[in-house]
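First comes the structure, then the notes that go with it.
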Amino acid sequence: MDDNVDVKNRSVDPAAQQVLLYARDLGAVTAWDRHDAMQPLCGFGELGVCCHGCYMGPCRIDPFGEGAEVGICGASADLIVARNLARAVASGVAAHSDHGREVVGVLREASTGGSSGYNVVNPTRLMALAAEWGIAASGRSVDDIAGDLARAMTAEFGRQEGRLTPALRAPEGQRTRWDALGIMPRGIDREIVDLLHRAHHGVESDPIALLRAAMRTALADGWGGSMIATDVQDVLFGGPTAIRSRANLGVLQERQVNLLVHGHEPALSEMLVRASRDPDLLALAREAGAEGINIAGICCTANEVLMRQGMPVAGNYLHQELALLTGAVDLMVVDVQCVMPSLPAIASCHHTSVVSTSAKAHVPGAEHIEFEPHRAKEIARQIVRRAVAAFTRRDPSRVRIPRESADLVAGFTNENLPQYLGGRFRSGYRPLIDAIAAGRVRGVVAVVGCNTLKVAQDRHHLALVRRLLAEDVLVVQTGCSAIASAKAGLLRPEAALEHAGPGLREVCEAVGIPPVLHVGSCVDNSRILSVCVALVAEGGIGTDLSELPIAAAAPEAMSEKAIAIGLYAVASGVFTAFLPVPRVAGSRVVREYLEGTVEQETGGRFLFTEDVEEAVQGILAHLDRKRKALKLAPMLHEGGVPVDAGAASRSLVDYETPRGLEGLGCGKAQARSQARAPGD
């Protein structure tokens, strides 16, 4: 790193800034350095108007009309941009949905009663899914039911005709639109193959038809592969409940073995947590001079073991190299997605071992221990022993652990939120719906996604979330976006007193929830869809998703999964702000369709922007339009100033603190007692 670089322009996280300075002392080359070395980025590629879909090119279309107007084959800029976007969607859906396929395989293995160590932890959820999927349960063992469910879900990936089973959860209005537009997903794999075929040279030449096919493929993820992944993980590992933990690099322990899990598939990570608690392995760690074994997470695997096991979170996507640079990590185990190939080189600055575990994700320079479900317990213990051995090679004089870490509450789901909102005797979404109808809460916005080096790490996530909270918007988050808010202390119940507008603050105090709800990993965006379905079913603020005062945002979109997620949100009727602008700026036709015309077809649309405030204003205007269409009461407060309170038809009942939140520091009395004074 150049001595003149200001690390504050690389990340807003003070812990990250400290490690970046240490990286300069170590001579380590991080993702930020590699990004700077790539400047200037290819302008044609940024606009999406370069095509390498055949070997006659690559072709570049000049969007300013001074060069070629079409590619060698005659493809216009509109078609090239649509093809590139379609390929990205297919790749993103393949990644997310393959996650679902993997955990279904683990469920199938668990149903055999073998020695894997896996079993059905949540039989209640299993029985609910069996009923939904038409699997007989009466008089049958849990294992037999689980085996049949796994086989039915596996078949869903290869389904050729009909409708995906989980997609039938969508409100009738959405399903009617999908049918009319021809984008109701059939089989998960079929849609991916169909889209890739269309995007091949010489096939689909209509950019709008290609974008509609991309929406169908995206829906196969949001209402298919990802939804299946969430369902099966809840069956195997248990449904999450609200749980306390901590986040940021300060969760690393100087006197313990630090084992980091990173990636997206939680099957092995869950088993590693269990192994870290085995008495013989804890004894082994003590023999090595450690006080214990600390499992912490990076990225979405972090979210998985956080919301079920309470394991601390070391950071989000751009923390993966920084965590290794602290010198405190003894072993990092990775599976799939968002894993930088640079990790072994970064780890070589210290004693750290990197272990890859997926058959489809080898990392040169890392040790490869392939995960096999039937050997899960054995493999987990083997990896923990390697971490203990690495601890003996740690040089304490070279350890630099930032002190920063923040309290958080995570683990909200569509199954447990009704209880937390309504209390033990009034479980349901009615308190939230009443608060929205009465003008205390403007609406609900899902803020999701990753980090990008195009902006300082976490800057857009935090700016967007804080602005929305101040405008009485309840925020739900997943993935690395949720971790950004966790590190900044926004996942604490007390954050409502510090950041929320008056109406939202009153609601959060009454029911004892944080103003930002952590609902899981990035595949758990399906939980957000399920919450929206439940709001429609409860009634009072719309009859399908497109009528609800809801929106979505991806403030630091980075991967192909991000555009797939955004597209299934739009196809589901949700207004979605996407930052930075994806590679569609080179096509007027594509932008006009995705930011305008598509709303007439699905009820949702994109807002592409580079500016957080533009995203905020677009979201607020959208929520207010939906409120007006539903004839809801005016907001009780605008900019913190009371307005016509008499216009509100309902008042918020002082609900009891719900069961399960009492010990989390939630509820009016404790939240007030723990509130900080301004400037503290």
Side-chain angles (χ1 to χ4, degrees), residues 239-244 307 407-446 465 468-477 482 485 489-520 527-528 530-532 534-535 537-541 548-550 632-633 635-637 648-675:
T241 56
I243 192 168
R244 280 255 188 208
M307 63 183 177
D407 287 328
L408 64 90
V409 177
F412 295 95
T413 71
N414 46 301
E415 285 81 22
N416 66 39
L417 257 176
Q419 184 184 37
Y420 294 141
L421 288 169
R424 70 194 72 181
F425 302 120
R426 302 186 56 172
S427 179
Y429 284 98
R430 182 53 51 189
L432 176 59
I433 290 173
D434 287 352
I436 292 172
R440 284 181 169 80
V441 175
R442 181 175 254 109
V444 181
V445 175
V465 169
L468 292 175
L469 294 182
E471 296 290 344
D472 293 306
V473 175
L474 178 67
V475 173
V476 296
Q477 284 192 285
S485 289
L490 295 174
L491 301 192
R492 300 170 299 118
E494 301 80 25
L497 297 168
E498 302 160 9
H499 299 283
L504 176 62
R505 180 167 64 245
E506 182 179 342
V507 172
C508 290
E509 283 190 273
V511 300
I513 59 172
V516 179
L517 301 178
H518 175 290
V519 295
R527 295 192 196 276
I528 300 174
S530 297
V531 169
C532 293
L535 291 174
E538 189 89 23
I541 53 170
L548 297 174
I550 61 173
L632 301 183
M635 292 299 296
L636 287 176
H637 302 273
S649 60
R650 300 182 180 93
S651 62
L652 184 73
V653 177
D654 190 2
Y655 294 100
E656 62 179 325
T657 299
R659 183 195 301 272
L661 289 181
E662 297 96 329
L664 297 175
C666 306
K668 282 188 174 180
Q670 193 160 1
R672 286 197 184 103
S673 70
Q674 294 180 0

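Computed over heavy atoms, backbone and side chain alike; hydrogens, waters and symmetry mates excluded. This is a predicted model, so every value here is computed, not measured.
Under the 4.5 Å side-chain criterion, counting only non-hydrogen atoms from C-beta, L497 is in contact with R505. Side-chain contact between P240 and R527 is present, with heavy atoms from C-beta onward closer than 4.5 Å. Between P514 and L490, the closest side-chain pair of non-hydrogen atoms is not below 4.5 Å. Counting heavy atoms from C-beta outward, T413 and M307 have side chains that stay 4.5 Å or more apart. At least one side-chain heavy atom of P493 sits less than 4.5 Å from a side-chain heavy atom of V409. Proximity of D407 to R244: side-chain heavy atoms (C-beta onward) are separated by under 4.5 Å at one or more points.
Interatomic distance, CZ of R440 versus CG of L432, reported as 13.0 Å (0.5 Å rounding). Distance CG/L504 to NE2/H499: 12.0 Å, rounded to 0.5 Å. Atoms OG1 and OH, on T241 and Y420 in that order, are 5.0 Å from each other to the nearest 0.5 Å. Atom OH of Y429 and atom CG of L417 lie 4.5 Å apart (nearest 0.5 Å). The line from CD1 of I550 to SG of C532 is 3.5 Å long, rounded to the nearest 0.5 Å. Distance check: I513 CD1 to L491 CG gives 12.0 Å after rounding to the nearest 0.5 Å.
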Assess whether side-chain contact (heavy atoms from CB on, under 4.5 Å) is satisfied between V473 and V444, documenting all intermediate values.
CA-CA 6 Å; V473 175; V444 181; 6.0 Å; no
- Message: Applying side-chain contact (heavy atoms from CB on, under 4.5 Å) to D472 and V441, what does each step give before you reach the verdict?
- Response: CA-CA 5 Å; D472 293 306; V441 175; 5.7 Å; no
- Task: Take L517 and V475 through the test side-chain contact (heavy atoms from CB on, under 4.5 Å) and record every step on the way to the result.
- Result: CA-CA 6 Å; L517 301 178; V475 173; over 6 Å; no
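The closest donor-acceptor contact from the side chain of R430 to the backbone of G539 lies under 3.5 Å.
N414 meets the side chain to side chain donor-acceptor pair (under 3.5 Å) test with no other residue; sequence neighbours excluded.
In the model, Q477 has a side-chain atom that pairs as donor or acceptor with a side-chain atom of S485 under 3.5 Å.
The minimum heavy-atom distance between G422 and P431, with the atom names listed, is CA-CG, 3.9 Å. When every heavy atom of I528 is checked against every heavy atom of A446, the shortest pair comes out as CD1-CB, 3.7 Å. The shortest heavy-atom contact between A500 and P515 is CB-CB, 4.5 Å. Here the shortest heavy-atom pairing between S427 and Q419 reads OG-N, 3.5 Å.
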